[in-house]
J.: 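Below are the structure tokens for one structure; questions will follow.
Just so it is clear, the values below take in all heavy atoms, side chains as well, and ignore hydrogens, waters and symmetry mates. Along the sequence shown, residues are numbered consecutively beginning with 1. A quick note: this is a predicted structure, and the numbers were derived from the prediction, not measured.
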Amino acid sequence: MKFKNPKTEKIYEYLSGMSQKAYSDPYLISNDVLCKQDTRGRILETCLAGETPQKVTFVFAVKKILFYFLKNLAAFSLYLVTALAYRLSGQTFLFPEKGELLVLDTYLVARQILEQGEFRDTFFPGLVGALVRRKKNYVYVPRLFGTTNSFDWFRVFRILKKNSDPVLTEFQLLKFADYIDTLRFIFLYPFSVRRFAKSLGTGYEDKVLRYSLWQALDSVAFGGHTRFLLGRCLSSLKIEKIKCFSWYENQVVDKNFYRGLRAVPGKADIVGSQLFIRPSMELNIVPDDLEASFEVIPDRVLVNGSGYSFKLEHAQVDVGPALRYVHLFNLNIHPPDGKTILALMPFKDNNTIDILKIIHEVDWPLPVEIKFHPSTDWRKYGQERLGQFSVTDKTLQELLPRARMVVGCGGALVEAAALGIPVINIQNLNSFGYDYMPEIGKGILWDQAADAEEVAQLVSQFQGALQSDPSRLKEEGARLRSVYFSEPTDELIGQAFGLD
């Protein structure tokens, strides 16, 4: 089984069968519901809760199609302006004259670059150093993220040009015909979705999927298609071989990019990097073997540690270097001396609101510092919800050595536990959320709470453990770290990415 929960497994298998049918229409590879991504369609939440699926009325469908065209045509107009901003910036990448080109498929986060005045790779830290030491030709081929403001992207492109960063955007390669192709996709895509939705049966899952497809239709959908066009342009270049190191969450942008890179058979070798802490129930993270015939899964997949390994028929799965977690092997901390309680907020807004409400009802023994998810604007929650707590934007590397205990939800809790810091994992039964915590250390190093009373009980329990037996907590943390994190040595980097 791919998932511990049989209901989750059943939903995955159902969507796997549906994507097999849908992907015969290449435009539907850009559909995030069929890709098993978490969307406004709420297919996983609906099925797990056994909710009655809503009906798709004629008025509802027409409204969704109209909003789809408004949003996508507006977004495409901004996209064209950003393409113009790129041309005006003068930023460009000079291709090597011969040999292999290593492509780093990751994100370009506008806000970070504008704030720092430079591009820092936070997805593959340490990899470029290994490439430089081995004198490899490499280039970042990023997905633009964080803003649709064309002037902001102009400033980003100017920073990249000033610092001579090896970055190749789609705007350098896409031709006029590709923009026309994207416009055609925008006009035809909703009818592909409508045609497939109409073909679904009358079973419970079919009804849920039909509503989910319509509910999520009015999203900007052409991003995956432009990644496909970019991949196709790359494969057509006069380069002997392309090796792609991709930040791999198995989303529509990933599937389409891989499909494009394989336009010339045998030219691209794709390594999908899942070098992150992943939740146990996120459907799209697990590659689907049945999709291999559509050229949308990598040749190899790297995972953060042996605890995240899984089996695939059409791709090799190996343990790779935990590049983003090198601090877990360098920090030497003593939680009993911690001066704060660190509260870590998740990505989802409804889960964050629930956690803030719960921690407000607890009498904490130490000051509480709140760190919000990097993509969250914490000001929207207001001082009333934040109360007497302080908000910090410091890094986890700075915060964890000061923490006596960590509370909240999200992957960062696993990092804290790996250092032997007691963790209270809040999973509110009234709202859907992803659980990242592994079984190792449960009841000793970490435990789960659903309300303020349970949180208070665990605070008392862990306070006692920190005083009476801190070495046991540290041992459990080391055991967890050995299973879910692999130290990113130069040797492992070279071996995992096939550099030597």
Side-chain angles (χ1 to χ4, degrees), residues 277 279-280 328 331-346 350-373 381 384-392 394 396 398-431 433-481 484:
I277 300 165
S280 59
L328 299 183
L331 290 176
N332 184 19
I333 66 174
H334 193 239
D337 296 336
K339 304 299 182 185
T340 64
I341 304 292
L342 180 59
L344 299 174
M345 298 296 112
N350 61 322
N351 298 139
T352 297
I353 292 172
D354 288 340
I355 292 172
L356 287 173
K357 182 178 179 181
I358 288 171
I359 65 176
H360 264 289
E361 298 172 2
V362 178
D363 184 17
W364 296 98
L366 292 170
V368 175
E369 282 187 303
I370 300 178
K371 181 172 176 59
F372 286 90
H373 191 275
Y381 296 106
E384 183 179 344
R385 282 200 179 105
L386 299 176
Q388 74 276 21
F389 304 142
S390 60
V391 176
T392 179
K394 293 181 179 178
L396 278 179
E398 296 173 292
L399 294 170
L400 290 176
R402 296 163 36 191
R404 185 180 300 183
M405 212 173 296
V406 173
V407 61
C409 178
L413 270 65
V414 184
E415 295 182 58
L419 292 168
I421 303 172
V423 166
I424 301 172
N425 180 30
I426 298 180
Q427 292 290 316
N428 192 333
L429 300 178
N430 296 321
S431 61
Y434 291 115
D435 187 5
Y436 290 79
M437 296 303 297
E439 287 298 315
I440 293 177
K442 187 174 184 180
I444 302 170
L445 176 61
W446 73 272
D447 217 327
Q448 193 164 298
D451 54 38
E453 183 179 352
E454 292 182 4
V455 170
Q457 291 173 356
L458 290 176
V459 169
S460 178
Q461 174 186 321
F462 288 139
Q463 283 276 75
L466 286 167
Q467 294 175 7
S468 63
D469 197 1
S471 60
R472 189 185 183 195
L473 299 175
K474 191 170 185 177
E475 289 168 5
E476 282 296 296
R479 190 161 74 95
L480 185 151
R481 183 172 65 243
Y484 291 97

J.: For T340, does its backbone N or O pair with a side-chain atom of W364 as donor and acceptor, under 3.5 Å?
T.: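 No.
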J.: What distance separates I426 CD1 from I358 CD1, expressed to the nearest 0.5 Å?
T.: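 Between atom CD1 of I426 and atom CD1 of I358 there are 5.0 Å.
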J.: Any donor-acceptor pair under 3.5 Å linking the side chain of W446 with the backbone of I421?
T.: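 Answer holds: no.
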J.: Would you say that V459 contacts D363 through its side chain, given a criterion of any heavy-atom pair below 4.5 Å between the two side chains?
T.: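 They are not in contact (no side-chain heavy atoms under 4.5 Å apart), so the answer is no.
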J.: How long is the straight-line distance from CD1 of I277 back to CD of E415, given to the nearest 0.5 Å?
T.: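 Rounded to the nearest 0.5 Å, the CD-CD1 separation comes out at 4.5 Å.
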J.: Hey, are the side chains of V423 and L445 touching, using non-hydrogen atoms and a 4.5 Å cut-off?
T.: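 Side chain of V423 against side chain of L445, heavy atoms only: no contact under 4.5 Å found.
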J.: Looking only at heavy atoms, which two atoms of N425 and C409 are closest? And how far apart?
T.: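 Taking every non-hydrogen atom into account, OD1-CA, 4.2 Å.
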J.: Are K442 and D447 packed together at the side-chain level, in the sense that at least one heavy-atom pair is separated by less than 4.5 angstrom?
T.: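 SC-SC contact between K442 and D447 confirmed.
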J.: Rounded to the nearest 0.5 Å, what separation is found between the CG atom of L366 and the CG atom of L342?
T.: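 Answer rounded to 0.5 Å: 12.0 Å.
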J.: Once rounded to the nearest 0.5 Å, what's the spacing between atom CD of Q457 and atom CG of D451?
T.: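 Going from CD on Q457 over to CG on D451, the span is 8.0 Å.
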J.: For K394 and K371, work out which heavy atoms get closest and say how close.
T.: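 Shortest heavy-atom contact: O-NZ, 2.9 Å.
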J.: Working to the nearest 0.5 angstrom, can you tell me the gap between L466 CG and M405 CE?
T.: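 Output value for this atom pair is 5.5 Å.
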J.: Any heavy-atom pair between the side chains of V391 and F372 that's under 4.5 Å?
T.: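 Yes. Closest side-chain heavy atoms under 4.5 Å.
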J.: Between atom CD1 of I424 and atom CD of Q461, what is the distance when rounded to the nearest 0.5 Å?
T.: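 Output value for this atom pair is 9.0 Å.
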J.: Which heavy atom of A416 sits nearest to which heavy atom of V406, and what is that distance?
T.: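 Between these two residues, the closest heavy atoms are CB-CG2, 3.7 Å.
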J.: Please find the pair of heavy atoms, one from L473 and one from P422, that lie closest to each other, and give the distance.
T.: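 In terms of heavy atoms, the two residues are closest at CD1-CG, 3.9 Å.
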J.: Minimum heavy-atom separation for G408 and L413, please, with both atom names.
T.: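 So the two residues come closest at O-CD2, 3.4 Å.
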J.: Do L356 and M345 come close enough that some side-chain heavy atom pair is under 4.5 Å?
T.: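 SC-SC contact between L356 and M345 confirmed.
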J.: Tell me which pairs pass salt bridge (charged side-chain N to carboxylate O under 4.0 Å, His left out) where either residue lies in residues 402-414, with sequence neighbours left out.
T.: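 Every pair satisfying salt bridge (charged side-chain N to carboxylate O under 4.0 Å, His left out) with a residue in residues 402-414: E369-R402.
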J.: Sub-3.5 Å donor-acceptor pair from the side chain of T352 to the main-chain atoms of P346, do we have one?
T.: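 Pair found, side chain donor or acceptor close to backbone of P346.
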J.: Is there side-chain contact between V362 and V407, with heavy atoms separated by less than 4.5 Å?
T.: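 The answer is no; the side chains never approach within 4.5 Å.
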J.: Quick test of your reading: applying salt bridge (charged side-chain N to carboxylate O under 4.0 Å, His left out), list the pairs with at least one residue in residues 453-477, sequence neighbours left out, ordered by first then second residue.
T.: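 For residues 453-477: E476-R479.
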J.: Between L344 and L399, is the side chain to side chain contact (heavy atoms under 4.5 Å, CB included) condition met? List the steps.
T.: CA-CA 11 Å; L344 299 174; L399 294 170; 5.6 Å; no
